[in-house]
Engineer: 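After the structure tokens below, expect a handful of questions from me.
As the structure is a prediction and not an experimental result, all values here were calculated from the model. Keep in mind that the numbers below use all heavy atoms, side chains included, and drop hydrogens, waters and symmetry copies.
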Amino acid sequence: MGDSIRTARRSKADVLLDEESNNFIRIEEQTLVILNSTYPGEINRFDLSHGKIYANIEKTKAGLTYEVSTPSAVAGVRGTGWSGESSDKGDEVATYEGSVFVKTFGKMKELISEITVPQGFKTMIARFGAAGALIDLTVQEMQRWRQAKQDASKRIKSRHKRQGNKKNKMDKISKTKEDTLDNLNKIKDAIKESGLDKIADHRGGCGGAGGAGGAGGG
């Protein structure tokens, strides 16, 4: 929380927002975003200085809303797929699944407009201005969303697989240690039951006595 992520050209980053990975954001190239919070213990606000992010939010806790904040707008959702983009000229908010509410603000942070962007639409926001009219998303824009979501999902599944393999390896090592200790304890118990430990102690004691007597005789 409070960390910033900056991507260079031909670079992307995926941020997982929960253990199940139902919620994540994809940070596109040449983007600067700061991870922030408006809800205790949760990263749920992304301060977007410039660039573009895709967000997939499937499930949220009661009362929890995810937001993308730009210098002049805030877009928030409870469960949907959307993107936020910011540049020197203004902002763009697009909704691919569900709906997104958008608030725009002036230079003095005064509220200028409020709008809901439904699935399949986007709005353009001039810097420190009102949200523009709703515009239909193109087929290419929907395809880019599906591709971004698919790519992120593959990376997440690959991460879980690596974590699973690592956990299995650690479990095997732990099991081997437990088996070794168990076998050693069984050997000790068998020695005690057979009485070999007492014989060894007796022989050691006799040898010590004989040595002492020999020294005295000399």
Engineer: Is any NZ, NE, NH1 or NH2 atom of the basic residue among Lys122 and Asp136 found under 4.0 Å from an Asp or Glu carboxylate oxygen of the other?
Structural biologist: no
Engineer: For the residue pair Phe105 and Leu111, establish whether any side-chain heavy-atom pair is separated by less than 4.5 Å.
Structural biologist: yes
Engineer: Does the side chain of Ser4 come within less than 4.5 Å of Leu32's, by heavy atoms?
Structural biologist: yes
Engineer: Does Met142 share a hydrophobic cluster with Ile57, counting links as ILVMFWY side-chain heavy atoms below 4.5 Å and allowing steps through other members?
Structural biologist: no
Engineer: Between Arg127 and Ser86, does the side chain to side chain contact (heavy atoms under 4.5 Å, CB included) criterion hold? Intermediate values first, please.
Structural biologist: CA-CA 9 Å; Arg127 180 63 71 230; Ser86 184; 3.5 Å; yes
Engineer: Counting heavy atoms not belonging to Arg144, are there more than 12 under 6.0 Å from its CZ?
Structural biologist: yes
Engineer: Within the distance-only criterion (no hydrogens, no angle test), does the side chain of Ser69 pair as donor or acceptor with the backbone N or O of Val74 below 3.5 angstrom?
Structural biologist: no
Engineer: I need the minimum non-hydrogen distance between Gly84 and Leu48, along with the two atoms involved.
Structural biologist: O-CD2, 3.4 Å
Engineer: Quick one: does Asn44's side chain have a donor or acceptor within less than 3.5 Å of a partner on Glu67's backbone?
Structural biologist: no
Engineer: Please answer whether the main-chain N or O of Trp82 pairs with a side-chain N or O of Thr95 as donor and acceptor at a distance below 3.5 Å.
Structural biologist: no
Engineer: State whether the side chain of Glu29 and the backbone N or O of Arg10 hold a donor-acceptor pair below 3.5 Å, judged by distance alone.
Structural biologist: yes
Engineer: In the single-linkage hydrophobic clustering (I, L, V, M, F, W, Y; side-chain heavy atoms under 4.5 Å), do Leu17 and Ile27 co-cluster?
Structural biologist: yes
Engineer: Between Met1 and Tyr66, is there a shared hydrophobic cluster once you connect ILVMFWY residues whose side-chain heavy atoms come closer than 4.5 Å?
Structural biologist: yes
Engineer: Looking only at heavy atoms, what is the nearest atom pair of Tyr39 and Ala62, with distance?
Structural biologist: OH-O, 3.6 Å
Engineer: CD1/Ile53 to CD1/Ile5 distance, rounded to the nearest 0.5 angstrom?
Structural biologist: 10.0 Å
Engineer: In terms of hydrophobic clusters joined by side-chain contacts under 4.5 Å, are Val117 and Ile125 together?
Structural biologist: yes
Engineer: What pair of heavy atoms forms the shortest contact from Leu137 to Ala94, and how long is it?
Structural biologist: CD2-CB, 3.8 Å
Engineer: Which heavy atom of Ala75 sits nearest to which heavy atom of Val102, and what is that distance?
Structural biologist: CB-CG2, 4.2 Å
Engineer: Answer yes or no: is there a donor N or O on one side and an acceptor on the other, between the side chain of Gln140 and the main chain of Thr138, under 3.5 Å?
Structural biologist: no
Engineer: Between Phe46 and Leu35, is there a side-chain heavy-atom distance shorter than 4.5 Å?
Structural biologist: yes
Engineer: Within the structure provided, determine whether Met124 and Glu85 are in side-chain contact (heavy-atom separation under 4.5 Å).
Structural biologist: no
Engineer: Taking the side chain as every heavy atom from C-beta outward, state whether Asn56 and Tyr96 have any atom pair closer than 4.5 Å.
Structural biologist: no
Engineer: Salt bridge check, Asp14 against Lys12: does any charged N sit closer than 4.0 Å to a carboxylate O?
Structural biologist: no
Engineer: Minimum heavy-atom separation for Ser99 and Pro118, please, with both atom names.
Structural biologist: CB-CA, 4.2 Å
Engineer: Nearest 0.5 Å please: distance from the CZ atom of Arg26 over to the CH2 atom of Trp145.
Structural biologist: 10.5 Å
Engineer: Other residues, nucleotides and ligands only: do more than 12 of their heavy atoms fall within 6.0 Å of CG on Asn185?
Structural biologist: yes
Engineer: Please report the shortest heavy-atom distance between Ile34 and Gly2, naming the atom on each side.
Structural biologist: CG2-O, 3.9 Å
Engineer: Hey, which of Val100, Thr104, Thr70, Val68 is the one that makes side-chain contact (heavy atoms from CB on, under 4.5 Å) with Val93?
Structural biologist: Val100
Engineer: Hey, could you give me the CD/OG distance between Glu92 and Ser87, rounded to the nearest 0.5 Å?
Structural biologist: 9.5 Å
Engineer: Any donor and acceptor pair, going by atom type alone, linking the side chain of Arg45 with main-chain N or O of Thr65 inside 3.5 Å?
Structural biologist: no
Engineer: Taking the side chain as C-beta and beyond, is there a heavy-atom pair between Phe101 and Glu114 under 4.5 Å?
Structural biologist: no
Engineer: Say whether, by atom type as modelled, one donor and one acceptor occur between the side chain of Thr31 and the main chain of Thr7 under 3.5 angstrom.
Structural biologist: no
